[in-house]
Chemist: 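I'd like to ask you about the structure that follows.
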Amino acid sequence: MPPRVRIAPSPTGDPHVGTAYIALFNYAFAKKHGGTFILRIEDTDQTRSTASSEVAIYDALRWLGLDWDEGPDVGGDRGPYRQSERTAIYREHVQTLIDNGTAYRCFCTSERLAQMRAEQERNKQNPRYDGHCRGLDPKDAQSRAAAGEPHVIRLRVPEEGETTLHDELRGPIAFQNAEIDDQVLLKSDGFPTYHLANVVDDHLMGITHVIRGEDWITSGPKHVLLYQGFGWEPPLFFHLGLLRNGDKSKLSKRKNPVSVDHYRSLGYLPSTFLNFLAILGFSMGEDRERFSLDEMVAEFEWSKVSTGGPVFDPVKLDAFSGDDIRAMDPAALRDALVEHAFGGRIDTLVELSRERINRLDDFIPYVSFFFGGEVDYAAVLPKMVPKKREKKETMKILKAYLEGIEKDDAARAFTVDGLAEFSKAFAQQHGWKPKELYPLLRCAATGRTASPSLFETLAALGKDRVRLRLRGAIEALRVAPQ
RNA sequence: GGCCCCAUCGUUCAGCGGUUAGGACGCGAGGUUUUCAUCCUCGAAACCAGGGUUCGAUUCCCUGUGGGGUCACCA
């Protein structure tokens with residue numbers, strides 16, 4: 001039976017390189033065995049999921065060439081592939097769990113839970129559900145629920161014994177049941193949590209191999225318990241090591257650009273990027289580390305996959321990238337260069353520069369700062385800190401702005417209007433005058449004191465480049481003498 | 001902190017009981033190149049520690065240490 005595998009990203013924020021990494025291994029394994037690679041959107045968190053993020057995931061994966069056989073946009077006969085469209089399925093299935101005692105209704109309020117956790121913390125106990133509603137009479141619980149009393153549904157984990165997760169890469173991993181929390185399966189808004197949705201969907205979609213990051217190992221036993229509760233055969237589990245920052249912590253945007261879009265907009269070739277991701281956890285053998293996706297597929301074996309958490313090293317990525325660019329034939333490179341430079345935003349750049357250039361030849365020098373990663377702040381550093389402001393608070397405001405463009409809905413889309421709206425409110429909120437903040441942002445984002453209208457400029461630079469520059473500016477300020 | 005995962009050069013991947021411990025990036029030194037980059041040559045650089053098992057451990061087992069993950073009505 002050919003394998004069926006899936007990746008199940010959550011459409012929150014930018015497409016993550018970790019998602020691409022896991023997708024690559026799923027894809028390689030599936031294709032090697034003539035199997036099916038499925039994309040499922042896990043949008044059960046209604047407060048954080050966005051449609052734009054979902055589209056961004058499609059774009060990023062397609063850019064890399066990791067095309068899926070079934071998914072929300074391409075269809076398939078095991079759909080729907082968007083969890084928010086499957087809520088009836090989860091409710092129906094959770095009922096069988098309630099009926100056979102694997103799950104129970106819990107009416108505890110979030111206040112009580114918070115209080116409980118606080119007390120557990122005080123007593124130096126591990127925070128976990130205390131089983132308050134475990135002993136409720138199912139009939140009573142049923143009628144309270146029918147009366148509309150808000151509640152969740154929890155997994156009834158056995159008090160004794162142990163549950164073993166069989167990881168095909170690491171061997172059996174045993175957990176004491178007493179250590180496993182009575183996880184919420186169905187939230188009070190009627191949506192499932194990851195655990196329930198994931199198990200139900202994997203089973204219904206016929207997933208044979210679950211290939212995911214090792215941060216899921218801990219919740220593995222809950223999934224095993226759910227398969228048991230349903231009386232289903234669990235899939236085979238493979239937990240890959242997590243991509244790391246230079247300091248070995250889990251890859252995070254605090255310390256590294258983690259958006260696939262970032263690497264795309266800075267002009268790495270998709271094949272290079274994929275190859276680089278591949279060597280982080282896969283070895284071809286024969287000391288060979290340059291290979292294509294097809295070659296990886298052809299050679300894919302689990303014995304060639306390592307479980308350590310590799311550091312994502314951008315320096316080596318650059319080395320690969322340089323090699324690949326040099327290997328391109330001149331015509332192909334020319335096309336790639338022209339496309340990268342002018343493909344998406346040529347009209348914008350023309351519009352932004354037309355009033356400011358006198359000769360055609362002025363164009364390239366004028367728009368040069370719209371390209372490239374880091375810029376040199378030496379020339380503008382003395383002008384960055386506004387009068388009446390300290391270096392420290394200047395750095396602080398830049399950091400806050402950096403966070404703000406992540407969180408704020410208007411700013412996140414990175415449109416001219418959205419940025420203007422956000423920035424104005426941001427300045428006011430932080431007690432900065434636009435006159436102080438905007439020139440600072442211009443310097444930080446462009447390395448210049450003059451540019452087209454700030455928000456037009458930021459939008460044309462693109463979110464990832466702006467983010468990179470802002471971080472660079474903060475660093476430049478930090479090491480500056482005053 | 002509890003539980004769980006991981007452990008070879010700075011980084012990454014090899015090695016799967018006996019090797020001068022290998023390749024790549026990075027780093028250093030030379031060379032080619034008017035400069036820079038490229039390219040070529042050479043070099044420095046690792047088996048976390050302690051116990052076992054074994055004729056023999058980087059390799060198998062245990063303990064410790066270190067790093068990481070996870071402990072939500074987020075995935």
Side-chain angles (χ1 to χ4, degrees), chain A residues 7-13 16 18-19 40-49 83 106-110 113-114 117 120-121 123-129 150-154 162 165 167 169-198 212-222 239-251 275-290 303-323 325-327:
Chain A
I7 52 161
S10 183
T12 54
H16 199 279
T19 302
R40 182 172 71 220
I41 294 295
E42 307 230 328
D43 57 349
T44 55
D45 185 345
Q46 288 294 284
T47 58
R48 296 199 307 154
S49 299
Q83 290 186 329
C106 168
F107 298 88
C108 292
T109 61
S110 46
L113 294 176
R117 280 191 203 99
Q120 285 167 336
E121 199 160 326
N123 300 333
K124 292 187 176 175
Q125 292 170 300
N126 291 325
R128 52 177 304 167
Y129 184 60
H151 66 288
V152 301
I153 292 169
R154 287 181 185 274
E162 58 181 41
L165 171 69
D167 183 298
L169 254 23
R170 304 160 194 254
I173 306 171
F175 295 83
Q176 294 299 317
N177 286 336
E179 300 282 346
I180 305 171
D181 203 2
D182 277 7
Q183 255 294 327
V184 170
L185 300 176
L186 202 70
K187 304 180 236 180
S188 54
D189 65 0
F191 275 71
T193 58
Y194 169 83
H195 307 284
L196 204 227
N198 155 66
R212 60 196 349 178
E214 69 175 321
D215 46 349
W216 291 111
I217 289 180
T218 319
S219 43
K222 291 168 192 167
H239 291 94
L240 266 33
L242 258 28
L243 262 26
R244 314 282 188 94
N245 298 308
D247 65 1
K248 300 288 179 82
S249 58
K250 176 169 149 178
L251 194 66
N275 186 185
F276 176 70
L277 285 181
I279 62 152
L280 260 21
F282 172 81
S283 63
M284 264 295 198
E286 298 170 343
D287 289 331
R288 186 148 88 95
E289 59 180 13
R290 299 312 314 268
S303 64
K304 296 178 175 176
V305 175
S306 55
T307 51
V311 170
F312 184 96
D313 179 10
V315 175
K316 185 151 182 170
L317 205 212
D318 274 344
F320 273 25
S321 184
D323 278 346
I325 283 175
R326 261 166 246 126

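A note on names: the letters A, B, ... follow the listed sequences, proteins ahead of strands, and every chain is numbered from 1.
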Chemist: Find out whether A/Pro192 and A/Gln83 are in side-chain contact, i.e. whether some heavy atom of one side chain is under 4.5 Å from a heavy atom of the other.
Modeler: no

Chemist: Quick check on RNA chain B: between A/Leu169 and A/Ser249, whose nearest nucleotide comes earlier from the 5' end?
Modeler: A/Leu169

Chemist: Does any donor-acceptor pair link the side chain of A/Asp313 with the base of B/G26 at a separation under 3.5 Å?
Modeler: no

Chemist: Tell me if the side-chain of A/Glu289 makes a donor-acceptor pair with the base of B/G23, cut-off 3.5 Å, by modelled atom types.
Modeler: yes

Chemist: Grab the CZ-C1' distance between A/Phe312 and B/C25 for me, whole Å please.
Modeler: 14 Å

Chemist: Does B/A57 have a Watson-Crick or wobble partner in any strand here, with both distances under 3.5 angstrom, and which is it?
Modeler: none

Chemist: Could you tell me whether A/Phe175 contacts a base, only the sugar-phosphate backbone, or nothing, with contacts defined as non-hydrogen atoms closer than 4.0 Å?
Modeler: sugar-phosphate

Chemist: Going by distance alone, is a donor N or O of one side chain under 3.5 Å from an acceptor N or O of the other, for A/Ser249 and A/Asn245?
Modeler: yes

Chemist: NA contact type, A/Glu179, heavy-atom cut-off 4.0 Å: base, sugar-phosphate, or nothing?
Modeler: sugar-phosphate

Chemist: Under a 3.5 Å cut-off for both distances, is B/C25 Watson-Crick or wobble paired, and to whom?
Modeler: B/G10

Chemist: List the steps, then state whether side-chain contact (heavy atoms from CB on, under 4.5 Å) holds for A/Ile217 with A/Ile173.
Modeler: CA-CA 9 Å; A/Ile217 289 180; A/Ile173 306 171; 3.9 Å; yes

Chemist: Between B/C9 and B/A45, how far apart are the C1' atoms? Round to whole Å, please.
Modeler: 5 Å

Chemist: In whole angstrom, give me the gap between the C1' atoms of B/C16 and B/G30.
Modeler: 39 Å

Chemist: Mind checking whether A/Tyr129 and A/Cys106 have side chains closer than 4.5 Å, heavy atoms only?
Modeler: yes

Chemist: Could you give the distance separating B/C5 and B/C60 at their P atoms, to the nearest angstrom?
Modeler: 16 Å

Chemist: Taking CD in A/Glu121 as the centre, count heavy atoms belonging to other residues, nucleotides or ligands within less than 6.0 Å. Is the count above 12?
Modeler: no

Chemist: Base, sugar-phosphate alone, or nothing: which one does A/Thr218 contact when heavy atoms must sit under 4.0 Å apart?
Modeler: base

Chemist: Would A/Ile279 and A/Met284 satisfy side-chain contact (heavy atoms from CB on, under 4.5 Å), going step by step from the backbone distance to the final call?
Modeler: CA-CA 8 Å; A/Ile279 62 152; A/Met284 264 295 198; over 6 Å; no

Chemist: Output the single nucleotide from B/C25, B/G22, B/U12 whose closest atom is nearest the side chain of A/Ala319.
Modeler: B/C25

Chemist: Check whether any side-chain heavy atom of A/Phe312 sits under 4.5 Å from a side-chain heavy atom of A/Leu277, and report yes or no.
Modeler: yes

Chemist: Starting at atom CZ of A/Arg212, determine the distance to atom P of B/U70, rounded to an integer number of angstrom.
Modeler: 13 Å

Chemist: Within the sub-3.5 Å range, which N or O atoms of nucleotides 37-43 of chain B have a protein N or O partner, and how far apart are they?
Modeler:
none

Chemist: Separation of A/Lys222 atom NZ from B/U70 atom P, in whole Å?
Modeler: 12 Å

Chemist: Could you state the CG-P distance from A/Asn126 to B/C71, rounded to the nearest angstrom?
Modeler: 13 Å

Chemist: Without decimals, in angstroms, what is the distance between A/Phe276 CZ and B/C13 P?
Modeler: 10 Å

Chemist: Taking the same atom, P, in B/A57 and in B/A37, what whole-Å distance lies between them?
Modeler: 48 Å

Chemist: Checking side-chain contact (heavy atoms from CB on, under 4.5 Å) for the pair A/Arg128/A/Ile180: CA distance, chi angles, key distance, verdict?
Modeler: CA-CA 9 Å; A/Arg128 52 177 304 167; A/Ile180 305 171; 5.8 Å; no

Chemist: Please walk me through it: do A/Leu169 and A/Leu240 pass side-chain contact (heavy atoms from CB on, under 4.5 Å)?
Modeler: CA-CA 8 Å; A/Leu169 254 23; A/Leu240 266 33; 3.8 Å; yes

Chemist: Any strand is fair game: report the nucleotide pairing with B/U63 by Watson-Crick or G-U wobble, both distances under 3.5 Å, or none.
Modeler: B/A49

Chemist: For the pair made of NZ in A/Lys248 and C1' in B/U11, what is the distance, rounded to whole Å?
Modeler: 8 Å

Chemist: State plainly whether the residues A/Arg170 and A/Glu214 are in salt-bridge range, i.e. N to O under 4.0 Å.
Modeler: yes

Chemist: Counting only Watson-Crick or G-U wobble pairs whose two distances fall under 3.5 Å, which nucleotide matches B/C73?
Modeler: none

Chemist: When rounded to the nearest Å, what value does the distance between C1' atoms of B/A21 and B/A46 take?
Modeler: 9 Å

Chemist: How would you list, by chain and number, every residue that makes a ring-ring contact (aromatic ring centres under 6.0 Å, His included) with A/His151, sequence neighbours excluded?
Modeler: A/Phe107

Chemist: State which of B/G69, B/C5, B/A14 makes the closest approach to the side chain of A/Ser306.
Modeler: B/A14

Chemist: In whole angstrom, give the distance that lies between atom CG of A/Asp247 and atom C1' of B/G10.
Modeler: 14 Å

Chemist: Could you list, one pair per line, each protein nitrogen or oxygen that sits under 3.5 Å from a nitrogen or oxygen of nucleotides 72-75 of chain B, together with the distance?
Modeler:
residue, atom, partner, partner atom, Å
B/C73, OP1, A/Arg117, NH2, 3.0
B/C73, OP2, A/Arg117, NH2, 3.3
B/C73, O2, A/Ser188, N, 2.8
B/C73, O2, A/Ser188, OG, 2.8
B/C73, N3, A/Ser188, OG, 3.0
B/C74, OP2, A/Lys187, NZ, 3.1
B/C74, O2', A/Asp45, OD2, 3.0
B/C74, O2', A/Arg48, NH2, 3.3
B/C74, O2, A/Arg48, NH2, 3.2
B/A75, OP1, A/Thr44, OG1, 2.7
B/A75, OP1, A/Lys187, NZ, 2.8
B/A75, OP2, A/Tyr194, N, 3.0
B/A75, O3', A/Glu42, OE1, 2.7

Chemist: Write down the distance separating the C1' atoms in B/G67 and B/G10, rounded off to the nearest Å.
Modeler: 15 Å

Chemist: Provide the distance between the two C1' atoms, one in B/U53 and one in B/C61, to the nearest whole Å.
Modeler: 7 Å

Chemist: Evaluate the ring planes of A/Phe276 and A/Phe320, with Trp represented by its six-membered ring, and classify them as parallel (under 30°), tilted (30 to 60°) or perpendicular (over 60°).
Modeler: perpendicular

Chemist: Starting from P on B/A24, measure out to CZ on A/Arg288 and report it in whole angstrom.
Modeler: 14 Å

Chemist: Mind checking the C1' distance from B/A24 to B/C48? Whole angstroms is fine.
Modeler: 24 Å

Chemist: Who is the Watson-Crick or G-U wobble partner of B/U35, with both distances under 3.5 Å?
Modeler: none

